[in-house]
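Inspection log for the structure reproduced underneath, given as structure tokens.
All chains are named by letter (A, B, ...) in the order of the sequence lines, taking the proteins before the strands, and each is independently numbered beginning at 1.
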Amino acid sequence: MSTVRLSNVSKSFGNLRVVSDVNLEISDGEFLVLLGPSGCGKSTTLRMIAGLEETSSGDILIDEKVINDDDPKDRNIAMVFQNYALYPHMSVRKNLAFGLKMRNMKTSTIAEKVNEVADMLQLSDLMERFPAQLSGGQRQRVAMGRAMVRTPKVFLFDEPLSNLDAVLRTELRSELKKLHMQLKTTSIYVTHDQVEAMTLADRIVVMKNGKIEQIGTPKEIFHNPKTLYVAKFIGNPQMNLHEMQVKKINNSIFLTASSLSIPIPKAVINRTNTSYLKDGATISMGIRPTDIFINNAGNKKGAFKAKMILTEMLGAETLIEFGIEDLNFKAIVEDDYGISSGDLFEVGMNFEKIHIFEDTT
Amino acid sequence: MIISFPDKKKRRIYKENFLYIIMMIFGFLMLVPLIWVVLTAFKTEPEIAKLPITWLPESFLNFDNFVQMFAEQPFGRYFFNSITVAVISLISSTAIAVLAGYAFAKIEFKFKEFFFLLILSVFMIPAEVMVLPKYLMMAQIGWVNSYLGLAFPDLFTAFGVYLFRQFMSGIPDTYIDAARIDGASEIKILWHVILPLIKPALAAFIIIKFMFSWNQFLWPLVIGQKQDMFTVTVGLVAFSGQWYNQWNLIAAATVLSIIPMLLIFVLLQKHLVQGLVMSGTKG
Amino acid sequence: MLKFLWISFWGKSVKQRRSRMGYLFLLPSLFFVTLHFIIPTIYNIVLSFSEWHIIRPLEFVGFEKYIDVLTSDEFWEALSRTLYFTLLSVPITITSALIVALALYRIGPRKGSALVRAMYFAPVVASLTAVAYIWTWMFNPAYGLLNEILKFFYLAPIQWLNDINQVIPSLSIMYIWSRLGFDMLILMSGLTAISPDYYEAARIDGANRWHSFWNITLPLLNQQLVLVCVVEIMMALKVFELPYAATNGGPVNASRTLVMHIYETAFQWNRMDEAAVASLALFVIILIVTALQHFFLSRKIHY
Amino acid sequence: MMKHLLIALKFSVIAILFSVVSASAGTTLKVWLPVDTWKKTLGFYEENLAEFKKLHPDVEMEFVQIPYENYEAKYLTAFASGSDAPDVFNGKVAYYAGAIGIADEAPSDLQKLYNDELLNTTKPFFQVDGKWHAYPTSTDQGMMVYYNVDHFKEAGLDPNKPPKTFQELLDFAKKLTTYDADGKITRNGLALRYAGAPVGITDKILPFLHAFGGRLYSPDGSTADGYLNGPETTAAMQYMYDLVYTHKVSSLELGKPVETFAAGKASMIFREGWLEGWMAGNAPDINYKVSALPDGPAGYPGLSLLFGWSWMVNNQSPNKDIAWDWIRTISNKEMDLELAQLEGYLPVWAENFEHPFVADRKDAEATQVIMSNPSGPYYDHPYINEIASKIGEQVQAVLYGADPTKALQIAVKNVNKLLKKK
């Protein structure tokens, strides 16, 4: 039963403000992911929650109790580090037991708990090995075990999968997810990998320059990015973004760039802040590559003339890059219909899925 | 660079072998004075004064010089004193230097740079410069002729702070972070996490420090007045009389004075090299 | 309750507590810095302005002792002798240590290389007093090994320590022999730390061995070289055991070094005041030398 | 490893505490002696404590041997520290009573006793301003000639006719010196002290100086100019220089005089009476005789000494009176004789010189000559130790080939500086 709350938390190193006015609430059992590029303040935020860094201002609360001035050891948290930080001179068993030993637990209790966790993570055969004798995945699991063994109120993860190769990463990612479903411990997870964030998180916090850009479930973040930054950051390949002019004709709104003109459906206007949809204003229009399709089925709606630039076969799908007028777009399509570069063809867009942002690229 | 030239490679190996032999020869020459004194320690007085000089002693079982040496001076006591002083100062200086090294390497506090420079300056100024005032200080608190007095200048070694700081700076911070989260206090982190990781530096420090304490001369000469507070080095010098040098006995005493250090070196030399190398890599 | 006391004593925030822990860890060191360095320095300065008497309190006499010392031939002679010894010993020690280190590094790890390294290091374990006796016997004009070797090559025997002009070079030989191994080890540690990539890169760039040495080895060895220079110059400037045990400053004072002068003035002639002045002189000299070294040698060094 | 370190730490703490505790108990009288040639003296006193124990049953005695090498430094550091200084110590009176002022004046009963009973010739060595400050350890009769009988025979000299004059000394030395094929000396005709503490060197050249009529400094102690560099002293120096360089009868390469004499590598040396005891123990095979010093151009040099060894009481000691009590108990002619016999040197009580032990010694004849002649000059300047050291340095320079006149000029400059310090 643990909640974590950050209230107006800021952190500066000298004149450099790395985290500013972060407000965040993590409910019990939630898996929260802090997402952002390196240097965005996500790690610092995590380290402040851990007590490894101290806040410059604001409060951090666990279970509604301010813990700003508690030592890490008194916060009852556990942390998994990017490089695992397994003590190189201790065996797996000792690494797992260290946290308990530091809390002066009885030897028999320690052994019991360590074995329990080892079973759960299939580490039992590795107990007498030293970190240097383990593979990356095994090390990662020991690091997990070391965090779990103390049954803390909160798990903190600092990019725990980034040192692994792609296959292992995917595998451990789902393992992690299962573990969380099993343990239901409040977890805060820092990563720069949006896929990790999407797959693991109950909610994602996208950070930029020490500030929170958007908080939301993976779906919200993906489908309804609040800022241009979030839109750019989430989704692979990146959302197509272009500067366009707002044109109001009667009651309809169009976005135009050179001779291209896109009508905006009501649904989009409704979920967009209308204050910047003024006639003649410059905005950013975004559409995800998956919301563009090749107009081959005779569906003329929203069809544009396009010129193919490049097609890249991805397997089940194909990534195409094409130009409409002088704007370049990317799309993920199921079939490229044999269109090769230089060919002219028609594309359609799902206008409902268009995003409009006030700031420009 | 993937193409290899077998001739060139062979020539390089020849060159290296040649160099190896040269270095062996010079290395042996470095040992000659030591060998010579060991041989002398087994010779009788007339043998020593024989011309032309003889290399080998008549008998390697001639331990008379060692026996007589112990009869003339309480060398056993000198050894005990030297070891006691070396151990006291080793424990004290290691503990103090590890603490300070950790603080400098891993803890943030104000005036850190200043304090570090201060300690470095102690490292730069030789103890000999401070012998008089230190002696007078010892005299005032009555530590003359005592083990504490003998060990006093060695209780702290600035070099150790420098060495440990260099070494600890190379230990990733995450080990410490992890230990902090695991619930260890700073002292426990130092004991359970840092100390095992700096073993090579510890070994290097122990050798250098022990050597330094064991070989101290001016200070024990000044502070240990009575014969029963002499260290081996002072005893060795006291042994060579003013007007009559018994070279066979001096040689025996010299040989014995080197043996403890030699043992420590042989036991720990691998670590010494490793320790120095590892602290060298961290700028 | 306990926790409250802990926090109120150590400060409220984690950072405060941690930085106080830093000070706490530093405390023993600072205690000894005070005891070994600050108080003695002050004491020394006080002593240098006083008339010392063995059983009476100190009496302020201004610069009298400075004048006494700085106008005495003995002080200047001892000083110049010490500098001569240092200039003779240190460059040779460091150069030969560097050569040995490079050669041993070149040989690389192989069977017996640890033994060869140990051969060079072995003399280091002997105390300087032991070194003095070992070499007094080597240098003995009649029974010593060195003259015997000279004789073997039909060379004229040398008086070594018995000769006014040869005594300092002879002491230098002892010193170089006993210090070479230590410097070699330090330099080797530096060499080992240089990544072979640099040499590869240089070779691809067309640098020969000599270029590599000047442009890669020496600059990257800078830290170790500075350390070795600092330590050796200090050791040489304070040399005491060697002349004390081997020659007792003789013949005719030709090997009486500055520290020996300080020792005798203080403890044999009971003039602590004048000895304090001489000690301060040594202090200042070492400060100057160290400062010069920092200025010239350590460009990229960060402690 | 950490566990072992901890255990070691515990033990050392306990050991330190123990030594602190055990150090503080009762009155202890500390007696220090620099051990050079007297190896049995302390043991002798330790065994003869009965009388002292009657006076002070509770006082513990602590006899400490201070190695001769730099004993002065040990003394000074002890006196300066105060806490661990000796109550009774053995040393040179002029220095410790005069320059340092640490030696106590003897109580009046001892003043009288010593005046009445001790040998007259050496009195000034133990007095300051006519007052006794010490009880002599032995009677030092200054230098005598030790000569190797076998060498004399070998060189065709009569072993019963030692050199009578410095000219003869040189002639004999020429005959006694042996050389190798290269002309290098293999045996010293007359071995000279050329190394070691400069004080000792000066001590050994005094007979040369006095035989030529020279002096270290003026009788009133005001200047060395005209004395140390006077024609007589210069001539004495020149004589020594010639021994090494002109006549080549003395080599600086064979070793220290006693070493060479004991090894049969020197035919004649100058040394004090105690050497007889030492030779018996260390070089019993050397067949030698002892004679009085020869006459120089200025006649017989007389007793030529810088200092004599003696027991003094530390005037800073809280146990001064007990210390004098101990000295009182050892100041008797029986113990004097017994100790002299034990160590093989001359007693200090005038009466003991009648004893057959003295008469049977090899140096008996020489002793008679010394005692029947007036003493040579005595130097009582408080800084005599350092003065002698400065002179010794220059003597050494001469023996190493410096010009005697120039060397003595430097010596005068250095000595005058010290003479001014009173």
Side-chain angles (χ1 to χ4, degrees), chain A residues 13-14 43-44 46-54 70-91 94-105 110 130-132 139 142-143 145-150 152-160 163, chain B residues 94 98-99 101-114 163-164 166-206 268 270-271 274-275 277-279 281-282:
Chain A
F13 292 111
S43 280
T44 310
L46 190 76
R47 289 171 64 80
M48 283 192 286
I49 300 171
L52 296 172
E53 301 285 356
E54 98 166 343
D70 284 5
D71 281 327
K73 62 183 162 72
D74 300 326
R75 297 186 180 198
N76 201 2
I77 41 130
M79 186 159 166
V80 178
F81 293 86
Q82 182 173 8
N83 60 2
Y84 320 131
L86 299 177
Y87 310 119
H89 57 287
M90 295 183 198
S91 64
K94 285 193 172 149
N95 261 293
L96 291 177
F98 187 72
L100 303 175
K101 200 174 134 195
M102 288 299 112
R103 289 183 160 72
N104 298 322
M105 239 172 233
I110 293 178
F130 286 87
R139 278 182 220 179
V142 176
R146 185 170 63 175
M148 281 162 54
V149 77
R150 279 185 9 234
K153 284 184 182 171
V154 183
F155 277 140
L156 305 175
F157 298 92
D158 189 2
E159 310 218 15
N163 278 5
Chain B
T94 311
V98 165
L99 285 177
Y102 180 67
F104 282 128
K106 296 294 176 199
I107 301 180
E108 288 306 319
F109 51 88
K110 270 185 194 161
F111 308 120
K112 197 159 125 170
E113 293 300 306
F114 167 77
L163 183 77
F164 290 130
Q166 290 290 90
F167 210 87
M168 288 181 193
S169 305
I171 295 175
D173 285 339
T174 42
Y175 289 139
I176 294 162
D177 289 342
R180 279 180 183 154
I181 287 174
D182 268 343
S185 59
E186 298 295 314
I187 288 281
K188 279 183 173 168
I189 294 175
L190 195 50
W191 187 259
H192 291 286
V193 179
I194 302 291
L195 273 191
L197 291 178
I198 59 161
K199 269 183 188 159
L202 277 176
F205 182 67
I206 286 173
L268 293 179
K270 216 175 74 195
H271 302 282
Q274 200 191 354
V277 168
M278 287 179 73
S279 55
T281 48
K282 326 277 151 55

**Q.** ring-ring contact (aromatic ring centres under 6.0 Å, His included) partners of Tyr175(B), counting only residues at least two apart
**A.** none

(Q) Only pairs of heavy atoms separated by less than 4.5 Å count here; which of Ala85(A), Ala50(A), Ala143(A) has the most with chain B? (A) Ala85(A)

Q | Interchain contact, Leu52(A) with chain B, by part (heavy-atom threshold 4.5 Å) | A | side chain

Q) Hey, which of Arg47(A), Met79(A), Arg150(A), Gln82(A) has the most heavy atom pairs under 4.5 Å with chain B? A) Arg150(A)

Q) Please walk me through it: do Phe98(A) and Tyr87(A) pass ring pair (Phe, Tyr, Trp, His ring centres under 6.0 Å)? A) CA-CA 9 Å; Phe98(A) 187 72; Tyr87(A) 310 119; 4.8 Å; yes

Q: Go through the atoms of Arg75(A) and report whether side chain, backbone, both or neither lie under 4.5 Å from a heavy atom of chain B.
A: neither

Q | Leu86(A) versus chain B, the contacting section by heavy-atom distance below 4.5 Å | A | backbone

Q: Could you label the plane-to-plane angle of the Phe109(B) and Phe104(B) rings as parallel, tilted or perpendicular, counting under 30° as parallel and over 60° as perpendicular?
A: tilted

Q: Determine the sole option in Asp177(B), Ile181(B), Asp182(B) for which the side-chain contact (heavy atoms from CB on, under 4.5 Å) test with Pro72(A) is passed.
A: Ile181(B)

Q | With sequence neighbours excluded, residues passing ring-ring contact (aromatic ring centres under 6.0 Å, His included) with Tyr84(A) | A | none

